[in-house]
2 protein chains.
Amino acid sequence: MGERGVPRAERRRRTEEKILGAARTLFAEVGFERATIRAIARAAGVDPALVMQYFGTKQELFQQAARVTPVADGELTAEEVVEHVLASLSVKMGEVPQGSLAMMRSMLTHPEAAASARQVLGEQIDRLAAAIPAEDARLRAALLTTIMLGVAVGHQLLELDELRGVSSDEIARLLRPSLRALTAEQVAGDRTG
Amino acid sequence: MGERGVPRAERRRRTEEKILGAARTLFAEVGFERATIRAIARAAGVDPALVMQYFGTKQELFQQAARVTPVADGELTAEEVVEHVLASLSVKMGEVPQGSLAMMRSMLTHPEAAASARQVLGEQIDRLAAAIPAEDARLRAALLTTIMLGVAVGHQLLELDELRGVSSDEIARLLRPSLRALTAEQVAGDRTG
DNA sequence: TCATTCGCTCAACAGGCGTTGACTCAACGA
DNA sequence: TCGTTGAGTCAACGCCTGTTGAGCGAATGA
């Protein structure tokens, strides 16, 4: 199967990367429980036992495959926050990293993925809250985050017909006023009915 | 174990309901794949074989347990749509029917659940779109729906700390301007930067 | 050159899964 | 009263899962 002259260390790195790639794809497509070690190994062109040897456990394989690199950011204004969130949604709309998709796909059924999701979302909420000038900044930031989560789920994972093929710009344009309404401090009173 | 004097038909109905209840709870808590027939039967105080005898297949059990009764509605104004959506979120916040939770919990990993979710959400989008006075009404309705989906997922299933114990009224109050921004036709131009 | 390392495969294990068929026994209808 | 029905159980099936230990053969370093 492979490249006779390649040194061991390099071969090992390549194989590990092949496995991680296959794992990311499968975890993203079918979630943690339906993505079997055997299927991942097959997709990577490798024996299932090798996957275990390299990653020890399906759990650890998932953790490495679904690791999301946290985007550390400086201080932002409220308006910048909106644009930042909108930009993160699109990232060219469909080029969302597979690791993130894997985590999202699994977060409702796999406890470890849920914990990761909570942490990642929690960090984003913290970052956003710092830029929202309101006493209930954390709650507003949480809603902002869940809004984007919902749109991402509906679009990337559920693949709702209505969102298919819609450009990220158009979604951003429609969503912008809604997000701004959350980041701007409410002054006017409102009625319930 | 059971009520000697109860007639057969009644016993049968009660047992079926016990199984469905246990199924709803487990599907809602851990999703389709992790909710085993054995665990459901145990929770219902019944033999696993009986579950199969009554429902035929785990798939059919899920379909019956996660059946969501569509709320058919008359025509609404745009503002009524917002209130309707907000009200549906709360339904006393935490008393979301377990069937719906089961469907939501499973929709990212179980194809059948995904199909159901698409259908239910699609119907809601249709209903909402009819009340939104804009050319891109369907897209706006879809975003409205995914927004509420995200909030529900974050609150009910992911149980984000920031949303825990927050009253539905407060969430509705914060979300209202955002939703109205989506239902009201945009007139003002907007800048991207 | 030769012993050693190590990437990788093979065959198997134990356990859990959905599902089935034979069975028990109380409720039923005549 | 007695045969029939049907609710419910029991033990087992075949399959698939994550995981393991023994082994093969090429790259490695002395």
Side-chain angles (χ1 to χ4, degrees), chain A residues 1-23 26-27 29-66 102 106 109-113, chain B residues 1-23 26-27 29-66 102 106 109-113:
Chain A
M1 269 286 160
E3 314 305 318
R4 212 58 59 98
V6 180
R8 282 230 265 250
E10 177 62 15
R11 275 182 72 90
R12 160 102 191 210
R13 222 176 312 124
R14 286 187 195 174
T15 306
E16 255 180 17
E17 204 44 59
K18 265 198 306 182
I19 295 175
L20 276 177
L26 275 162
F27 283 138
E29 279 177 354
V30 301
F32 181 84
E33 11 271 333
R34 288 177 118 86
T36 66
I37 295 281
R38 283 168 163 84
I40 290 169
R42 203 179 314 125
V46 136
D47 192 274
L50 192 66
V51 177
M52 302 307 295
Q53 190 178 322
Y54 284 177
F55 297 93
T57 258
K58 185 186 180 183
Q59 180 60 241
E60 294 176 42
L61 173 62
F62 176 81
Q63 282 174 322
Q64 288 212 36
S106 305
T109 50
H110 185 57
E112 206 75 29
Chain B
M1 268 285 162
E3 314 305 319
R4 214 56 62 95
V6 181
R8 281 229 267 248
E10 177 63 14
R11 275 183 72 89
R12 160 101 191 211
R13 222 175 313 123
R14 286 187 195 175
T15 305
E16 257 180 17
E17 204 44 59
K18 264 198 307 181
I19 295 175
L20 276 176
L26 276 163
F27 283 137
E29 280 178 353
V30 300
F32 182 84
E33 10 271 334
R34 288 178 118 85
T36 67
I37 294 282
R38 284 168 162 86
I40 291 169
R42 203 178 315 125
V46 135
D47 191 275
L50 193 65
V51 177
M52 303 307 296
Q53 189 178 322
Y54 283 177
F55 296 93
T57 258
K58 186 186 180 184
Q59 180 61 241
E60 293 177 43
L61 173 62
F62 176 80
Q63 282 174 322
Q64 286 212 36
S106 306
T109 50
H110 185 57
E112 207 76 29

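Each chain gets a letter, A, B and so on, in the order the sequences are listed, and its residues count up from 1.
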Problem set entry | A/Phe32 and A/Phe27 aromatic ring geometry - parallel, tilted or perpendicular at 30°/60° bounds | parallel
Seminar exercise, completed: Among C/dC28, D/dG18, C/dT9, the one nearest any side-chain atom of A/Ile37 is D/dG18
Exercise. Is the shortest distance from a Lys or Arg side-chain nitrogen in B/Glu17 or B/Arg13 to a carboxylate oxygen in the other one below 4.0 Å?
Worked result: no
Problem set entry | Length of the line joining B/Ile19:CD1 and D/dT9:P, which is rounded to integer Å | 9 Å
Exercise. When the nearest nucleotide of DNA chain C is assigned to B/Ala49 and to B/Ala9 on a heavy-atom basis, which residue is associated with the more 5' position?
Worked result: B/Ala49
Problem set entry | Phosphate-side-chain proximity, B/Thr57 and C/dT19, N/O vs OP1/OP2 below 4.0 Å | yes
Exercise. Closest to the A/Asp47 side chain: C/dT19, C/dT9, D/dG8?
Worked result: C/dT9
Problem set entry | Separation of D/dT19 C1' from A/Gln59 CD (nearest whole Å) | 15 Å
Problem set entry | D/dA7 base / B/Arg8 side chain donor-acceptor hit below 3.5 Å | no
Exercise. Donor-acceptor pair, A/Thr57 side chain versus A/Glu60 backbone, under 3.5 Å?
Worked result: no
Seminar exercise, completed: Closest to the 5' end of DNA chain D, once A/Gln53 and A/Arg38 are matched to their nearest nucleotides, is A/Arg38
For this session: For B/Tyr54, answer base if it contacts any base atom (sugar-phosphate contacts may also be present), sugar-phosphate if it contacts only those atoms, and nothing otherwise; contact means non-hydrogen atoms under 4.0 Å.
Result: sugar-phosphate
Exercise. Separation of B/Leu26 atom CG from C/dC17 atom P, in whole Å?
Worked result: 12 Å
Problem set entry | Separation of atom CD in A/Glu16 from atom P in C/dC6, rounded to whole Å | 14 Å
For this session: Would you mind reading off the distance between B/Arg14 atom CZ and D/dG6 atom P, rounded to a whole angstrom?
Result: 20 Å
Problem set entry | Closest nucleotide among D/dG18, C/dG18, D/dG8 to the B/Thr36 side chain | C/dG18
Exercise. Does a side-chain N or O from B/Thr15 land closer than 4.0 Å to OP1 or OP2 of D/dG8, or not?
Worked result: yes
Problem set entry | Short side-chain donor-acceptor distance under 3.5 Å, B/Glu33 and A/His110 | no
For this session: Compare the minimum distances between each of C/dT20, D/dT20, C/dG7 and the side chain of B/Met52, then state the nucleotide with the smallest one.
Result: C/dT20
For this session: Using atom CZ of B/Arg13 as one end and atom C1' of D/dA7 as the other, report the distance to the nearest whole Å.
Result: 14 Å
Problem set entry | Geometric cation-pi criterion, A/Arg12 with A/Tyr54: 6.0 Å, 45° | yes
Seminar exercise, completed: Of the candidates D/dT19, C/dC17, C/dT9, the side chain of A/Val46 sits closest to C/dT9
Exercise. What's the CD-C1' distance between A/Glu33 and D/dC16, to the nearest Å?
Worked result: 15 Å
Exercise. Base, sugar-phosphate alone, or nothing: which one does B/Arg12 contact when heavy atoms must sit under 4.0 Å apart?
Worked result: sugar-phosphate
Seminar exercise, completed: Here the distance between atom P of D/dT19 and atom CZ of A/Phe55, to the nearest Å, is 13 Å
